[in-house]
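Predicted, not measured: the structure shown is a model, and the values here were computed from it. Below, all heavy atoms of this structure are taken into account, side chains as well, without hydrogens, waters or symmetry copies.
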Amino acid sequence: MKIDFDYYIFIDYSENLLGYFIIEKEKINDISQKISRFSHFRELKNKSAYLHSINKIIENNNLKGYFLKLKIRSLRETPEIYADLLEFIKNKNTYLIFISIDDKQYSNFERLIKNVDTINNKIIKESQLKKDSLEYRLSLVIDTLLNIERLRYNKGKKVRQSY
């Protein structure tokens with residue numbers, strides 16, 4: 001039996017960046033068809049062409065508008081990211097929340113969240129997502145957004161993305 005969560009949170013890490021987005025279940029169906037062309041960045045051969053074409057899809061379909069919250073910060077600003085997430089989880093403690101987190105950040109996040117009532121939350125490592133599932137495809141969105149931002153950052157632009 002598939003559980004329908006009220007909110008989905010995806011947290012990912014890429015080199016010196018950490019980011020997350022929160023999406024409501026009502027927007028999942030609308031966004032699911034628009035993200036069908038997203039791929040895992042590490043598996044791609046022509047990474048720059050992929051990021052260029054996906055960036056157009058993101059802009060043309062206003063994908064960032066589907067998110068309740070989206071934030072990308074440098075890794076040294078991890079406490080800000082985690083504070084935002086903890087506040088959201090505490091405020092929504094009566095709702096069912098699905099949380100997917102990058103494997104490298106999982107243990108830190110798990111230790112942090114253990115003091116919060118997480119009975120309604122399902123926290124899962126990114127590597128445990130079933131390939132080609134909706135949750136997996138949604139995790140590819142934050143992965144792609146981080147890689148786009150990382151390339152901007154490497155070109156000398158400061159990272160400070162919130163929507």
Side-chain angles (χ1 to χ4, degrees), residues 1-75 78 81-82 84-85 88-89 92 95-106 109-110 113 120-155 157 159-163:
M1 180 174 145
K2 183 172 165 68
I3 299 172
D4 284 327
F5 294 92
D6 299 302
Y7 296 96
Y8 292 78
I9 300 174
F10 293 87
I11 309 162
D12 203 1
Y13 159 83
S14 178
E15 288 186 23
N16 292 323
L17 299 176
L18 182 67
Y20 75 90
F21 72 79
I22 301 170
I23 189 167
E24 299 165 293
K25 75 175 175 182
E26 292 81 19
K27 299 204 176 171
I28 297 283
N29 286 337
D30 295 338
I31 199 173
S32 66
Q33 293 178 6
K34 295 176 182 178
I35 62 172
S36 62
R37 294 184 57 204
F38 281 69
S39 297
H40 203 281
F41 192 72
R42 275 185 266 140
E43 298 170 356
L44 299 171
K45 291 181 181 175
N46 194 343
K47 293 173 177 16
S48 62
Y50 167 77
L51 289 178
H52 182 71
S53 67
I54 281 298
N55 200 26
K56 285 183 181 180
I57 291 172
I58 291 168
E59 290 174 3
N60 292 341
N61 291 303
N62 189 25
L63 289 186
K64 293 175 183 174
Y66 287 92
F67 305 131
L68 184 62
K69 192 158 192 174
L70 166 67
K71 191 176 276 189
I72 297 173
R73 295 284 190 266
S74 68
L75 195 56
T78 298
I81 296 278
Y82 284 176
D84 287 351
L85 292 168
F88 180 83
I89 292 167
K92 303 291 184 184
Y95 293 91
L96 295 174
I97 302 175
F98 177 90
I99 303 168
S100 167
I101 185 159
D102 185 270
D103 292 19
K104 292 179 182 176
Q105 295 292 319
Y106 182 83
F109 187 76
E110 188 179 48
I113 203 162
N120 293 326
N121 303 333
K122 180 177 182 178
I123 304 169
I124 187 169
K125 290 181 181 179
E126 184 181 20
S127 64
Q128 294 174 320
L129 294 173
K130 186 176 177 184
K131 194 166 176 122
D132 297 325
S133 67
L134 179 58
E135 291 85 3
Y136 178 82
R137 288 188 290 135
L138 285 166
S139 75
L140 294 176
V141 174
I142 190 63
D143 178 66
T144 302
L145 290 171
L146 282 167
N147 283 301
I148 290 170
E149 201 57 42
R150 183 176 47 81
L151 290 178
R152 284 186 192 145
Y153 181 76
N154 289 341
K155 290 181 180 179
K157 295 182 182 178
V159 175
R160 194 94 179 139
Q161 297 290 322
S162 294
Y163 304 93

With a 4.5 Å cut-off on side-chain heavy atoms, are [Y] and [X] touching?
X: Ile124; Y: Phe98; value: yes
X: Tyr20; Y: Lys69; value: yes
X: Ile31; Y: Phe67; value: yes
X: Leu70; Y: Ile142; value: yes
X: Leu145; Y: Ile58; value: yes
X: Ile11; Y: Phe109; value: yes
X: Asn147; Y: Tyr50; value: no
X: Leu85; Y: Ile113; value: no

So which heavy atom on [X] is nearest to which on [Y], and how close?
X: Phe10; Y: Glu135; value: CE2-O, 3.3 Å
X: Tyr7; Y: Leu68; value: CE2-CD2, 3.8 Å
X: Glu126; Y: Asp12; value: OE1-OD1, 3.4 Å
X: Leu63; Y: Lys34; value: CD2-CB, 3.8 Å
X: Glu15; Y: Leu75; value: O-CD2, 4.1 Å
X: Leu96; Y: Asp4; value: CD1-O, 3.6 Å

| What's the verdict on side-chain contact (heavy atoms from CB on, under 4.5 Å) for Asp102 and Leu18, showing C-alpha distance, side-chain angles and the deciding distance? | CA-CA 9 Å; Asp102 185 270; Leu18 182 67; 6.0 Å; no
Output yes when a side-chain donor or acceptor of [X] lies under 3.5 Å from a complementary backbone atom of [Y], and no otherwise.
X: Asp143; Y: Ser139; value: no
X: Asn121; Y: Ile123; value: no
X: Ser14; Y: Leu17; value: no

| said: For Glu26, is the CD atom crowded, meaning more than 12 foreign heavy atoms sit under 6.0 Å from it? | reply: yes
| query | Is the number of heavy atoms from other residues, nucleotides or ligands under 6.0 Å of Lys25 NZ greater than 12? | reply |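 Above 12, so yes.
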Using 0.5 Å steps for rounding, measure from the [atom1] atom of [X] to the [atom2] atom of [Y].
X: Leu140; Y: Ser36; atom1: CG; atom2: OG; value: 11.0 Å
X: Ile22; Y: Lys71; atom1: CD1; atom2: NZ; value: 9.5 Å
X: Leu129; Y: Ser127; atom1: CG; atom2: OG; value: 8.0 Å
X: Arg37; Y: Arg137; atom1: CZ; atom2: CZ; value: 14.0 Å
X: Asn62; Y: Lys64; atom1: CG; atom2: NZ; value: 9.5 Å
X: Ile148; Y: His52; atom1: CD1; atom2: NE2; value: 11.0 Å

| Could you walk me through whether Ile9 and Ile89 pass the side-chain contact (heavy atoms from CB on, under 4.5 Å) check? | CA-CA 10 Å; Ile9 300 174; Ile89 292 167; 4.3 Å; yes
| query | Strictly by modelled atom types, are Gln105 and Tyr82 linked by a side-chain donor-acceptor pair under 3.5 Å? | reply |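 Judged by distance alone, the side chains do pair up.
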| task | Not counting sequence neighbours, which residues clear salt bridge (Lys or Arg N to Asp or Glu O under 4.0 Å) with Asp30? List them please. | result | none
| query | Who are the ring pair (Phe, Tyr, Trp, His ring centres under 6.0 Å) partners of Phe38, not counting sequence neighbours? | reply | none
| task | Name the orientation class of the two ring planes belonging to Phe5 and Tyr8 (parallel below 30°, tilted from 30 to 60°, perpendicular beyond 60°). | result | perpendicular
| request: Quick one: do Tyr95 and Glu24 satisfy side-chain hydrogen bond (donor to acceptor under 3.5 Å, both in side chains)? Show the steps, please. | output: CA-CA 11 Å; Tyr95 293 91; Glu24 299 165 293; over 6 Å; no
| Hey, are Asp6 and Lys92 close enough for a salt bridge, meaning a charged N less than 4.0 Å from a carboxylate O? |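 Looking at Asp6 and Lys92, the cut-off is not met.
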